[in-house]
There are 2 protein chains.
Amino acid sequence: MNQKNNIINKLRGSGLRPTKQRILIAKKLFDKNKTFHFTVETLNKKINKNGSEKISLATIYNTVEAFTNAGYLKEILTSKNKSYYDTNIKSHHHFYDEGTKELTDINYNQVKLSKVPNPPKGKKIKNLEVVIRLQN
Amino acid sequence: MNQKNNIINKLRGSGLRPTKQRILIAKKLFDKNKTFHFTVETLNKKINKNGSEKISLATIYNTVEAFTNAGYLKEILTSKNKSYYDTNIKSHHHFYDEGTKELTDINYNQVKLSKVPNPPKGKKIKNLEVVIRLQN
DNA sequence: TATCTACTTTATAATTATTCTAAACTATAA
DNA sequence: TTATAGTTTAGAATAATTATAAAGTAGATA
Ligand SMILES: [Mn+2]
Ligand SMILES: [Mn+2]
Ligand SMILES: [Zn+2]
Ligand SMILES: [Zn+2]
């Protein structure tokens, strides 16, 4: 029951009510010992396949957005049609395989930038992301 | 009339018939002395606003896809909902302003990567793109 | 504990970008 | 000139996402 309380506290800490649905989704997302990438589609399957609990697709969209705003998830923009999300919220880079449409993490220190341009005046850098597209 | 012949040859060279529509679109895209970024929406407006010629939206989609496959355009994946295209087909990087949703080129030599990971075995690197997201 | 209220979930409709379809048109090879 | 494969087009279809609004619920307060 400790994991559940952790989740409840995490949610409360972000002003999100710990509803049954959010707790369940948080378990699927954060109770692994490995981070991973997903789309709303794959998350929806993971949640709604084993016949057990059903969470509406709208709630899954709402929750993923809420978790992203709360900083629990990062959105990864690599694909034309679909949004990808990442449970790894540390700054890091990606391989994107255009064949399998799979994202793979590149550790932050696997890429070294020895020169980076200054942002236009009045703007600041929010993040810097390297995407390496792969082909066979 | 030389520009037009250039376009016609370019199209023929890629196995694309030089139709009225493709020539007109190619003029709008490649007859500038500066490269730029666009979406199908903005290109459609540029073409179909001055009341003159009308090209159907389907043709604009078809043509942009054909030009991308032919290597005349690069697709830039930075935005959740919309595809961006670039008339600058040289390898380069981008600022993406999340407020204005505008892309700005970063010259290739403005970024220096002193360390880059090896691709997973069996795959090779198709390209490496740095996107720097800006905020105010 | 009972009540209230703002927040949340949900089914479903709406929206947006894009792709598909199939009929009319056209570039060009023969 | 004719035949044909490629192209354009209006409109339908699809896919992802967002909006709507009614029903449900967490948590504050009496
Ligand atoms: Mn889309
Ligand atoms: Mn979309
Ligand atoms: Zn990642
Ligand atoms: Zn560019």
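The chains referred to below are lettered A, B, ... by the order of the sequence lines, with proteins before strands, and numbering in each begins at 1.
Residue A:Arg22 places none of its side-chain N or O atoms closer than 4.0 Å to OP1 or OP2 of C:dC7. Regarding contacts with the backbone of D:dT9, a side-chain N or O of B:Gln21 is found under 4.0 angstrom from either OP1 or OP2.
Heavy-atom distances to DNA chain C give each of B:Val40 and B:Lys20 a nearest nucleotide, and the one nearer the 5′ end belongs to B:Val40.
Separating the CG atom of B:Leu11 from the P atom of C:dT26 is a distance of 18 Å, rounded to the nearest angstrom. Between A:Glu41 atom CD and D:dT17 atom P the separation is 9 Å, expressed in whole Å. If you measure from atom CG of A:Leu16 to atom P of C:dT9, you get 9 Å, rounded to the nearest angstrom. Separating the NZ atom of A:Lys82 from the P atom of C:dT19 is a distance of 14 Å, rounded to the nearest angstrom. Remark: C1' of C:dA13 and OH of A:Tyr61 are 15 Å apart, rounded to the nearest angstrom. Regarding A:Ile60, its CD1 atom lies at a distance of 12 Å from the P atom of D:dT17, rounded to whole Å. Atom-to-atom, CG of A:Asn44 to P of C:dT9 comes out at 15 Å; the value is rounded to the nearest Å. Summarising the geometry, the separation between CD1 on A:Ile23 and C1' on C:dT9 is reported as 14 Å, rounded to the nearest angstrom.
A:Asp105 and A:His93 share no donor-acceptor pair across their side chains, judged by distance under 3.5 Å alone. Between the side chains of A:Asp86 and A:His94, a donor-acceptor pair is found at a separation under 3.5 Å. For the 3.5 Å distance criterion, the side chains of B:Tyr72 and B:Thr87 fail to qualify, holding no donor opposite an acceptor.
Closest to the A:Pro18 side chain, of the nucleotides D:dT9, D:dA26, C:dT10, is D:dA26. The side chain of B:Arg12 lies closest to C:dT28, out of D:dT17, C:dT28, C:dT9. Considering only side-chain atoms of B:Thr59, the nucleotide from D:dT8, D:dA19, D:dT17 that sits closest is D:dT8. Minimum atom distance to the side chain of A:Lys80 is reached by C:dT18, of the listed D:dT9, C:dT18, C:dT12. The listed nucleotides are D:dT9, C:dT28, C:dT9; the one nearest the side chain of A:Thr63 is C:dT9.
Within 4.0 Å of A:Thr19, counting heavy atoms only, lie sugar-phosphate atoms of the nucleic acid but no base atom. Note on B:Thr39: nothing from the nucleic acid sits closer than 4.0 angstrom, heavy atoms only.
Using cut-offs of 30° and 60° on the angle between ring planes, the pair B:Tyr84 and B:Tyr96 is perpendicular.
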Between B:Phe67 and B:Phe30, does the ring pair (Phe, Tyr, Trp, His ring centres under 6.0 Å) criterion hold? Intermediate values first, please. CA-CA 11 Å; B:Phe67 285 8; B:Phe30 310 122; 5.8 Å; yes
